[in-house]
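Beneath this line is the structure, given in structure tokens, with notes to follow.
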Amino acid sequence: MTQAQDPAVAKSVVCPSCGFKNSPPPGNGRCVSCGASMDPLRPSRTRAEELERRYQQEGFNLRWLGISLAVQAVLTGAIVLGLPVVVPVLDFEGIYGMLVTIPVWLIGGVLIGLVSPGRTFLEPVAATMLVAIVAVLYLFQSQTVRTMPWWMYVIMACIGILFTLIGSYLGERIQLGPPPKRAE
């Protein structure tokens, strides 16, 4: 413990629980206001637990949901709607439209995983679910020859959502780098 942290040497100590400024520091090591211990707060997880939780998501960020929604919608729209306008030979109708969305959503998941801070796996998946609803409705309604039933669109959309999860996980793994070596 350094001199600044030592309660016997310091002129006043702020309670880590309630924020009360104890001046002079109490001799028993407890806050005068709330009675909590004046020991500084320590992390509750061990190093091994931190290594195990390294690739696990700890929360859901609405901002990254919005960013993921924008990325997936733009990528899907650019490929399914925009590319056939530029190259008229390509006609992503029916099964071909769904087949092209799966790698697009995988790439979108990787991109979001690479640029998002922290661990964000669920945000791209939730965004892709929303984009998939619109894509399935559009592709099913726009097909001129009924080559595929509606439930096949749903199955292919679920496969695309799964590929988004895989892509976002891969992006996070690339961003975080290799796991540190365990001390044995």
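Since this is a predicted model, take the numbers as computed values, not measurements. In what follows, residues are counted from 1 in the order of the sequence shown.
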Test log, rule side-chain hydrogen bond (donor to acceptor under 3.5 Å, both in side chains), inputs Thr128 and Gln72: CA-CA 6 Å; Thr128 303; Gln72 294 292 45; 2.9 Å; yes
Cluster overlap [X] with [Y], hydrophobic side-chain contacts below 4.5 Å:
X	Y	answer
Val87	Leu81	yes
Ile79	Leu130	yes
Ile155	Tyr96	yes
Ile133	Met156	no
Leu139	Val85	no

Here's a test for you: under side chain to side chain contact (heavy atoms under 4.5 Å, CB included), which of Ile166, Ile159, Val100, Val131 qualifies with Trp105? Val131
Verdict with reasoning, Thr120 to Glu172, per side-chain hydrogen bond (donor to acceptor under 3.5 Å, both in side chains): CA-CA 8 Å; Thr120 53; Glu172 290 292 333; 3.1 Å; yes
How long is the gap from [atom1] on [X] to [atom2] on [Y], to the nearest 0.5 Å?
X	Y	atom1	atom2	value
Ile102	Leu162	CD1	CG	9.5 Å
Leu111	Ile67	CG	CD1	13.0 Å
Arg63	Ser68	CZ	OG	12.5 Å
Arg30	Cys15	CZ	SG	10.0 Å

Do you know the tightest heavy-atom contact between [X] and [Y]?
X	Y	value
Pro124	Ile112	CG-CG2, 3.6 Å
Gly171	Leu114	O-CD2, 3.6 Å
Met98	Tyr153	CG-CD2, 3.4 Å
Ala132	Ile161	CB-CD1, 4.3 Å
Leu106	Phe163	CD1-O, 3.2 Å
Ala127	Leu65	N-CD1, 3.7 Å

Hey, is the main chain of Val32 close enough, under 3.5 Å, to the side chain of Asn22 for a donor-acceptor pair? yes
Where the side chain of Glu123 meets the backbone of Leu62, is there a donor-acceptor pair that is under 3.5 Å apart? no
